[in-house]
Amino acid sequence: MLASGRGSNLQALMDSVEAGRLDAEIVAVLSDVEQAVALGRARSAGIEARFIEPGPSRSRLSGQAEAAMIAILDRLRVDLVALAGFMRILSPGFVSHFKLRILNIHPSLLPCFPGLHVQKQALDYGVKYSGCTVHFVDEGTDTGPIIIQAAVPVLEEDTEETLSERILVEEHRIYTEAVRLFAEGKLKVEGRRVRVLR
Ligand code: GAR
């Protein structure tokens, strides 16, 4: 998994594996942020956790950083790369190396509000519902084929924090579900549409 921050989605997936709700193994957590809480969570669980020096850009990884990540992920023969609060855009080369094997969770009902400060974008726009999306990663930013979405109401008294919390509960639920469907080979991508095989 790739994570940049507090790692609550990582924790949710680790808990799902531990509880037997998800038949998968999390083999490594890589981060572009040395102090990321996500790395500590992984280490506490005995999972390989590595900081990868991201390079000079704030939005992307250097070629060297991506090559280092690819080397680790290939060595571990990962089936899936799950982004959990990973805040950098991956290059087309990285995306094609793991074609249709990278998932991302995003805290809005895409294609509304891609990018950063997502809950603020939703509040500023005045939408009455927001939510979260798990999607395959393609070359664009938050544009890949959608696997699962969950909606939550936006309340009049909401702040960025309260809306984020309400969305996060749903994130944790649908990320486990999406990874489970992937692991069971039940996702069939047809152009932009993802069919869930029953
Ligand atoms: C989550 O809300 C996730 O959807 C969002 O960052 C948060 C990470 O929380 N991701 C993005 O905005 C990606 N563009 P976490 O570190 O506790 O999982």
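Treat the numbers as computed from the prediction; the structure is a model and nothing was measured. Both counts, for ligands and for their atoms, begin at 1 and track the order of listing.
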So which heavy atom in the protein is nearest [atom], and how far is it from that ligand atom?
atom	value
atom 6 (O) of ligand 1	Met87 CE, 3.4 Å
atom 2 (O) of ligand 1	Glu171 OE2, 2.8 Å
atom 16 (O) of ligand 1	Gly7 N, 2.8 Å
atom 14 (N) of ligand 1	His106 ND1, 3.6 Å
atom 5 (C) of ligand 1	Pro107 CD, 3.8 Å
atom 9 (O) of ligand 1	Arg6 NH2, 3.2 Å
atom 8 (C) of ligand 1	Gly85 CA, 3.6 Å
atom 15 (P) of ligand 1	Ser8 N, 3.4 Å

task: Check Leu103, Asn9, Leu90 against Leu83 for a side chain to side chain contact (heavy atoms under 4.5 Å, CB included) and give me the one that passes.
output: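 Exactly one candidate clears the test, Leu90.
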Between [Y] and [X], is there a salt bridge with N-O shorter than 4.0 Å?
X	Y	result
Lys188	Glu190	yes
Glu177	Arg180	yes
Glu139	Lys99	no

query: Hey, what do you get for CG (Asp32) to CZ (Arg88), rounding to the nearest 0.5 Å?
result: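 Going from CG on Asp32 over to CZ on Arg88, the span is 4.5 Å.
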task: Determine, step by step, whether Asp15 and His172 satisfy the side-chain hydrogen bond (donor to acceptor under 3.5 Å, both in side chains) criterion, reporting the C-alpha distance in whole Å, the side-chain angles of both residues, the deciding distance to 0.1 Å, and the verdict.
output: CA-CA 10 Å; Asp15 292 349; His172 296 165; over 6 Å; no
